[in-house]
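Heads up, the thing below is written out as structure tokens.
To find a chain, count down the sequence lines: A is the first, B the second, and so on, and within it residues start at 1.
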There are 2 protein chains.
Amino acid sequence: MAKSVKIDQQEASKALADTIYVIGGKWKLPILHSICNGNIRFKDIEESIPGLSNRMLSRNLKELEENKLITRVMSNETLFYEYHFTEYSKEYGDLMLKMIEWGKSHRKKIIQST
Amino acid sequence: MAKSVKIDQQEASKALADTIYVIGGKWKLPILHSICNGNIRFKDIEESIPGLSNRMLSRNLKELEENKLITRVMSNETLFYEYHFTEYSKEYGDLMLKMIEWGKSHRKKIIQST
DNA sequence: CGGTATCCTCTCTGATACTG
DNA sequence: CAGTATCAGAGAGGATACCG
């Protein structure tokens with residue numbers, strides 16, 4: 001019994017490490033949010049996130065695509081590359097919204113106490 | 001109108017960058033979860049997370065304390081240092097649970113497709 | 001028990017420039 | 001427009017040893 005609790009704990013540790021591996025880093029969450037917000041083109045995403053360079057955007061988009069959180073397709077209509085959420089990643093929209101709230105309130109919390 | 005949407009977007013970007021700054025890195029989420037799971041002593045936390053060295057644990061605990069996500073107190077009863085969640089961080093327990101689920105299901109998703 | 005100190009490596013990130 | 005190439009700096013993370 002105590003042992004299975006310990007194993008559960010270690011499983012959760014690994015799952016959390018995976019999670020942070022996939023959405024970690026300075027830009028992945030902002031990029032996902034930008035796409036979620038309607039920006040589907042490279043240039044648009046880049047301009048929607050202050051401080052983000054095209055190099056980091058390129059790299060992070062590639063990693064997000066490898067993890068199947070977004071897709072990259074050439075649009076037949078516009079003839080531009082478009083980035084979109086996958087069905088898979090849409091499930092986690094609310095998780096992201098909570099992180100946004102968390103970041104906002106946390107900033108206030110830390111600022112007011114220093 | 002379009003402008004305020006853009007500003008909202010940039011605000012969210014910053015909030016998400018803050019969030020990932022505070023809970024980012026390989027070990028912060030596993031550490032928080034371990035404490036949440038009843039481990040309150042340095043040694044216990046260390047042993048509950050495979051691969052975590054005492055050096056990284058020490059550093060990350062300090063940072064989490066600075067961000068007011070945990071407290072570190074000497075217990076009068078046991079005479080050991082104890083780490084606890086703050087009222088503040090308890091609000092985000094469900095956020096962490098979702099990340100655990102996410103990590104678990106994501107691992108399955110990626111493994112099956114390769 | 002609960003950490004620090006030191007050293008080392010490797011990845012992330014940024015700045016600048018260039019390309020199909 | 002949508003990136004890639006190159007170089008350089010900072011810091012996260014790991015290994016090992018030591019301390020009050």
Got a salt bridge between K98(B) and D94(A), using NZ or NE/NH1/NH2 to carboxylate O under 4.0 Å?
->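 Yes, this pair counts.
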Would you call K90(B) and E87(B) a salt bridge, taking side-chain N to carboxylate O under 4.0 Å as the test?
-> yes
Taking [atom1] from [X] and [atom2] from [N], how many angstroms apart are they, rounded to a whole number?
{"X": "L57(B)", "N": "dA5(C)", "atom1": "CG", "atom2": "P", "result": "16 Å"}
{"X": "N54(A)", "N": "dT16(C)", "atom1": "CG", "atom2": "P", "result": "12 Å"}
{"X": "M74(A)", "N": "dG20(C)", "atom1": "CE", "atom2": "C1'", "result": "12 Å"}
{"X": "I31(B)", "N": "dA12(D)", "atom1": "CD1", "atom2": "C1'", "result": "13 Å"}
{"X": "D44(A)", "N": "dC1(D)", "atom1": "CG", "atom2": "P", "result": "8 Å"}
{"X": "I40(A)", "N": "dC1(D)", "atom1": "CD1", "atom2": "C1'", "result": "14 Å"}
{"X": "R41(A)", "N": "dG3(D)", "atom1": "CZ", "atom2": "P", "result": "12 Å"}
{"X": "N39(B)", "N": "dG2(C)", "atom1": "CG", "atom2": "P", "result": "12 Å"}

Closest listed nucleotide, where the reference is the side chain of [X] and the choices are [options]:
{"X": "Y81(B)", "options": "dG13(D), dG3(C), dT13(C)", "answer": "dG3(C)"}
{"X": "R59(A)", "options": "dG3(D), dG14(C), dC12(C)", "answer": "dC12(C)"}
{"X": "K43(A)", "options": "dC1(D), dC1(C), dT13(C)", "answer": "dC1(D)"}

Do the side-chain N or O atoms of [X] get closer than 4.0 angstrom to the phosphate oxygens (OP1, OP2) of [N]?
{"X": "Y21(B)", "N": "dT13(C)", "answer": "no"}
{"X": "Y83(A)", "N": "dC1(D)", "answer": "no"}
{"X": "S53(B)", "N": "dG14(D)", "answer": "no"}
{"X": "K62(A)", "N": "dG3(D)", "answer": "no"}
{"X": "S58(A)", "N": "dA2(D)", "answer": "no"}

Should the pair F42(B) and Y83(B) be assigned to parallel (<30°), tilted (30 to 60°) or perpendicular (>60°) ring geometry?
->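 The arrangement is tilted - the two ring planes meet at 30° to 60°.
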Side chain to side chain donor-acceptor pair (under 3.5 Å) contacts in which one or both residues fall within residues 53-62 of chain A, not counting sequence neighbours =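 Every pair satisfying side chain to side chain donor-acceptor pair (under 3.5 Å) with a residue in residues 53-62 of chain A: there are none.
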All N/O donor-acceptor pairs, side-chain side in residues 21-30 of chain A, below 3.5 Å, sequence neighbours left out:
from   : atom 1 : to     : atom 2 : distance (Å)
K28(A) : NZ     : E63(A) : OE1    : 3.0

Comparing N60(B) and F80(A) on DNA chain D - which has the more 5′ nearest nucleotide = F80(A)
Test item: L61(A) and I35(A) side chains (from C-beta on) under 4.5 Å apart, heavy atoms | yes
Taking five pairs at each end of the helix from dC1(C)-dG20(D) to dG20(C)-dC1(D), what angle separates the two helix axes (nearest 10°)?
->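 Rounded to the nearest 10 degrees, the bend comes out at 60°.
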If each of R72(B) and G25(A) is mapped to the nucleotide of DNA chain C with the nearest heavy atom, which maps nearer the 5' terminus, i.e. the 5' end?
->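 Nearest-nucleotide comparison on DNA chain C picks R72(B).
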Closest heavy-atom contact between W102(A) and S105(A)?
->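 Here W102(A) and S105(A) meet closest at O-OG, 3.2 Å.
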For H106(A) and N67(B), does a side-chain donor sit closer than 3.5 Å to a side-chain acceptor?
-> yes
Report yes or no: is there a donor-acceptor pair, N or O only, under 3.5 Å between the side chain of R55(B) and the base of dG3(C)?
-> no
